[in-house]
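Contents: one structure, followed by commentary.
A note on names: the letters A, B, ... follow the listed sequences, proteins ahead of strands, and every chain is numbered from 1.
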Amino acid sequence: MIWQLDIVLLIFIVICAIAAINIKDLMGAVIILGAYSFFMCLLWTEMGAVDVAFTEAAVGAGISTVLFIAAVNKTARRSKD
Amino acid sequence: MTEYFLAKYNFWIYVVLMMIGLYAMMGKRNLVKKLIGMNIFQTSIILLFVSAGVKKGGATVPILRHSDYGSVHAEHLIRVADYLNPLPHVLMLTAIVVSIATTGVALATLILIYKRYNTLEEDEIMAIRKDIRSYKTPRILRSKD
Amino acid sequence: MRKWFKPISLATVILTGMLLIYGTHDMPSWGDPNSPANRHISPRYITEATRKTATPNIVSAVLGDYRSYDTLGESAVIFTASISCLFLLRRIRRQRNHDD
């Protein structure tokens with residue numbers, strides 16, 4: 001439990017969340033969501049929850065990103081907001 | 001004051017993440033953006049629950065050390081303060097898997113909506129539905145011919 | 001109406017966030033070893049799980065042994081989700097004419 005690492009990771013997570021909300025290109029937003037999931041995985045490893053961390057790395061950052069990319073490929077890529 | 005800040009700043013950042021997710025679900029018009037907001041909301045709640053199991057002061061991951069594993073059957077008891085709380089981790093493993101199931105079904109529904117209305121913006125879908133309900137030609141068909 | 005939608009939702013979100021931040025005042029401080037969540041049932045899991053299930057990983061022991069019905073329900077949820085995805089994305093087959 002190193003609180004400097006903790007606060008740096010939390011700031012990165014908030015930046016990734018805001019960027020994923022505000023980008024107009026949906027593919028970019030989805031990839032930033034994947035980066036958000038990997039930062040979340042790092043944060044959980046740092047908290048000591050290793051099982052949750054590797055489940056998140058496999059499921060949240062892997063399968064979820066793949067599903068999102070497939071759906072964005074089948075539908076529109078631009079968004080108005 | 002500094003102690004209060006150090007004891008609580010994590011919760012405040014979790015609340016900020018939850019606000020970002022909730023704003024994306026309420027304020028954004030694009031349906032994929034709404035889904036991204038729902039994912040952020042879910043991870044912030046999971047983060048809050050995982051952080052309930054953290055113990056400061058030398059606690060490690062909830063996997064037994066070799067020395068403790070050797071003395072499991074002896075009278076010597078394992079010190080509780082050495083290991084993190086495993087219960088929130090178990091519950092949140094279930095929650096992560098349920099969240100991916102929700103996302104999958106939502107994306108399938110999204111593809112169906114796009115096939116039917118040819119757009120993912122909420123206000124355009126509402127306008128098309130209004131036209132259909134009042135027996136007018138929908139806007140997507142009007143613009144084509 | 002449409003114009004006011006985003007400011008109203010932003011105000012609602014900020015109000016909710018302020019209420020939640022007010023609510024953190026009563027929570028135990030972050031990482032407190034004596035918080036109620038850390039005192040109630042997890043000491044029993046930590047001290048007894050390995051003796052009863054012969055698994056050094058306590059999370060796996062609780063997930064697969066103490067709360068295995070929970071895991072069964074989770075797999076039921078995944079099964080339901082995958083079946084519903086299958087039915088949603090299935091290509092609708094046209095009915096064949098009988099005269100050919």
(request) Sort B/Leu84 into side chain, backbone, both or neither according to what part of it lies under 4.5 angstrom from a heavy atom of chain A. (result) side chain

(request) To the nearest 0.5 Å, tell me how far A/Ile13 CD1 sits from B/Ile40 CD1. (result) 10.5 Å

(message) Which atoms of B/Glu122 are under 4.5 Å from chain A, going by heavy atoms: the side chain, the backbone, both sets, or neither?
(response) neither

(request) Starting at NZ of A/Lys24, measure out to CG of B/Asn30 and round the result to the nearest 0.5 Å. (result) 11.0 Å

(request) With a 4.5 Å cut-off on heavy-atom pairs, point out which of A/Ile23, A/Thr55, A/Ile21 contacts chain B the most. (result) A/Ile21

(message) Is it true that, when you exclude B/Tyr9 itself, more than 12 heavy atoms of the residues, nucleotides or ligands shown sit nearer than 6.0 Å to its OH?
(response) yes

(message) Looking at every non-hydrogen atom in both residues, tell me the closest pair between B/Pro62 and A/Gly48 and how far apart they are.
(response) CD-O, 3.8 Å

(request) State, yes or no, whether a side-chain contact exists between A/Ser64 and B/Asn39 at a heavy-atom distance under 4.5 Å. (result) yes

(request) Would you mind reporting whether B/Leu110 and A/Phe68 have side-chain heavy atoms less than 4.5 Å apart? (result) no

(request) Please lay out, stage by stage, how A/Leu10 and B/Trp12 fare under the test side-chain contact (heavy atoms from CB on, under 4.5 Å). (result) CA-CA 11 Å; A/Leu10 281 171; B/Trp12 298 340; over 6 Å; no

Return a table of donor-acceptor pairs under 3.5 angstrom between the side chains of residues 28-36 of chain A and protein atoms on other chains or two or more places apart.
from, atom 1, to, atom 2, distance (Å)
A/Tyr36, OH, B/Thr43, OG1, 2.9

(request) Return the option, out of B/Leu6, B/Leu31, B/Leu35, with the maximum number of heavy-atom pairs under 4.5 Å with chain A. (result) B/Leu35

(message) Between B/Leu17 and chain A, with a heavy-atom cut-off of 4.5 Å, which part of the residue counts as in contact: side chain, backbone, both or neither?
(response) side chain

(request) Below 4.5 Å from any heavy atom of chain A, which atoms of B/Ile46 appear? Answer side chain, backbone, both or neither. (result) both

(message) Given heavy-atom pairs under 4.5 angstrom as the criterion, report whether the side chain, backbone, both or neither of B/Ile113 touches chain A.
(response) neither

(request) Answer with side chain, backbone, both or neither: which region of B/Ser51 has an atom nearer than 4.5 Å to a non-hydrogen atom of chain A? (result) both

(message) Could you check whether any side-chain heavy atom of B/Leu120 comes within less than 4.5 Å of a side-chain heavy atom of A/Lys80, counting everything from C-beta outward?
(response) no

(message) If I measure from the heavy atoms of chain B, does A/Leu26 come under 4.5 Å with its side chain, its backbone, both, or neither?
(response) side chain

(request) Name the option with the most non-hydrogen atom pairs under 4.5 Å to chain B; the candidates are A/Val72, A/Ile63, A/Ile7. (result) A/Ile7

(message) Show every side-chain hydrogen bond (donor to acceptor under 3.5 Å, both in side chains) that has at least one partner inside residues 83-92 of chain B, sequence neighbours left out.
(response) B/Asp68-B/Tyr83, B/Asn85-C/Asn38, B/Asn85-C/Ser42

(message) Taking the side chain as everything from C-beta on, heavy atoms only, tell me whether A/Met47 gets closer than 4.5 Å to B/Leu47.
(response) yes

(request) Any ring pair (Phe, Tyr, Trp, His ring centres under 6.0 Å) involving residues 18-57 of chain B? Give me the pairs, sequence neighbours left out, ordered by first then second residue. (result) none

(request) Output the residues of residues 37-45 of chain A for which the shortest heavy-atom distance to chain B is under 4.5 Å, in residue-number order; output 'none' if no such residue exists. (result) A/Met40, A/Leu43, A/Trp44

(request) Check whether more than 12 heavy atoms from other residues, nucleotides or ligands sit under 6.0 Å from atom CD of A/Gln4, and answer yes or no. (result) yes

(request) For the pair A/Asp6 and B/Asn10, evaluate side-chain contact (heavy atoms from CB on, under 4.5 Å) and give the outcome as yes or no after the intermediate values. (result) CA-CA 9 Å; A/Asp6 192 49; B/Asn10 284 80; 3.0 Å; yes

